[in-house]
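The block underneath contains the structure these notes are about, expressed in structure tokens.
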Amino acid sequence: MVSSDRLAAFAALSFLLIVVPGPSVLFVIGRALAHGRRAALTTVVGNTLGAYVLVAAVALGVGSIVERSVLVFTALKLVGAAYLVYLGVRAWLRRGSLRDAFAKPDGGPAHGGLRTLGEGFAVGVANPKTIVFFAAVLPQFVDPGRGHVPAQMLLLGLVFNVIAVASDSVWGLVASGARNWFARSPRRLAAVGGVGGLTMIGLGVTVAATGRRD
């Protein structure tokens with residue numbers, strides 16, 4: 001399996017990548033502000049499941065196709081970007097309805113758990129930063145001489161996701177803690193929906209503009 005020094009080096013590199021807010025973190029923060037702690041943590045779980053699908057894809061060899069094919073990479077990237085823009089537009093149009101969500105603990109049934117999980121999964125599996133990292137960086141920490149290459153990749157991916165869950169959960173909990181301040185004013189609630197929607201739209205545009213190293 002993976003040697004301890006490679007595992008530690010990969011964990012350190014993963015931490016540096018994860019702590020810099022990207023699409024997944026910003027999405028978790030947006031869900032936390034709009035729908036509360038439960039929605040934020042559910043989004044984190046969805047993100048993690050999506051990211052681990054990418055790990056499994058790399059372990060099975062699909063990652064190399066994404067890395068080498070500009071067409072495949074671009075298609076996946078644009079799908080993720082379009083989905084973020086769609087969520088942003090929807091959040092903007094529904095910004096006035098946040099009052100009902102704030103009236104229910106942790107967002108209540110106003111934003112179902114399965115839907116939140118699915119949205120988090122979609123963002124996690126289409127995150128360009130994670131795709132490139134898993135496809136181009138993760139294989140470099142595998143030692144073919146130790147055998148079981150797919151198992152090594154799955155282990156490294158698990159380390160990445162454990163760190164991601166811890167980091168993203170902290171972001172979500174901190175953001176959800178700020179909801180009480182916003183809940184004191186209808187204007188603030190509308191601002192949350194508006195800014196959150198515009199942020200996701202901007203995030204989608206940014207993801208669409210994300211290029212490749214080549």
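The first residue of the sequence shown is numbered 1, and numbering continues consecutively from there.
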**Report entry** All ring pair (Phe, Tyr, Trp, His ring centres under 6.0 Å) counterparts of F121, not counting sequence neighbours
**Finding:** none
Query raised in the report: Do V58 and F141 belong together in a cluster built from hydrophobic side chains that touch within less than 4.5 Å?
Result: yes
Requested in this report: Quick one: pull up CG in D168 and CD1 in I29 and give me the separation to the nearest 0.5 Å.
Outcome: 9.0 Å
Query raised in the report: What about V125 and L158, same hydrophobic cluster or not, with Ile/Leu/Val/Met/Phe/Trp/Tyr joined at side-chain heavy-atom distances under 4.5 Å?
Result: yes
Requested in this report: Would you please name every residue forming a side chain to side chain contact (heavy atoms under 4.5 Å, CB included) with A11, sequence neighbours left out?
Outcome: V159, I163
Query raised in the report: What pairs of residues pass the salt bridge (charged side-chain N to carboxylate O under 4.0 Å, His left out) test when at least one of them lies in residues 8-18, not counting sequence neighbours?
Result: none
Report summary line: When rounded to the nearest 0.5 Å, the distance separating CG of L114 from OG1 of T42 is 9.5 Å
Query raised in the report: So which heavy atom on A32 is nearest to which on A40, and how close?
Result: CB-CB, 3.6 Å
Report task. Any chance you could measure R38, atom CZ, to T116, atom OG1, to the nearest 0.5 Å? Result -> 9.0 Å
Query raised in the report: So do V142 and M153 actually touch side chain to side chain, heavy atoms under 4.5 Å?
Result: yes
**Report entry** Distance, nearest 0.5 Å, that separates OG1 of T130 from CG of N47
**Finding:** 8.5 Å
Report task. List for me each residue that meets side chain to side chain contact (heavy atoms under 4.5 Å, CB included) alongside A12, sequence neighbours excluded, and say none if there are none. Result -> none
Query raised in the report: Angle class for the F160/F10 ring planes (parallel below 30°, perpendicular above 60°, tilted otherwise)?
Result: tilted
Report task. Report yes or no: do V162 and V28 belong to one cluster of Ile/Leu/Val/Met/Phe/Trp/Tyr joined by side chain heavy-atom distances under 4.5 Å? Result -> no
Requested in this report: Any chance you could lay out the side-chain contact (heavy atoms from CB on, under 4.5 Å) test for V174 and V170, step after step, and finish with the verdict?
Outcome: CA-CA 6 Å; V174 171; V170 170; 4.3 Å; yes
Query raised in the report: Can you pull the salt bridge (charged side-chain N to carboxylate O under 4.0 Å, His left out) pairs that have at least one residue in residues 140-164, sequence neighbours excluded?
Result: D143-R146
Requested in this report: Not counting sequence neighbours, list each pair that qualifies as a side chain to side chain donor-acceptor pair (under 3.5 Å) and has a residue in residues 4-18.
Outcome: S3-D5
Query - Any donor-acceptor pair under 3.5 Å from S176 side chain to L173 backbone - result: yes
Report task. Using the test side chain to side chain contact (heavy atoms under 4.5 Å, CB included), find all partners of V165 that sit at least two apart in sequence or belong to another chain. Result -> V44, T48, S169
Query raised in the report: Roughly how far, to the nearest 0.5 Å, is the CG atom of N161 from the CG atom of L154?
Result: 10.5 Å
Report task. Take F27 and E119, measure what side-chain contact (heavy atoms from CB on, under 4.5 Å) needs, and give me the verdict at the end. Result -> CA-CA 9 Å; F27 191 67; E119 291 176 350; 4.0 Å; yes
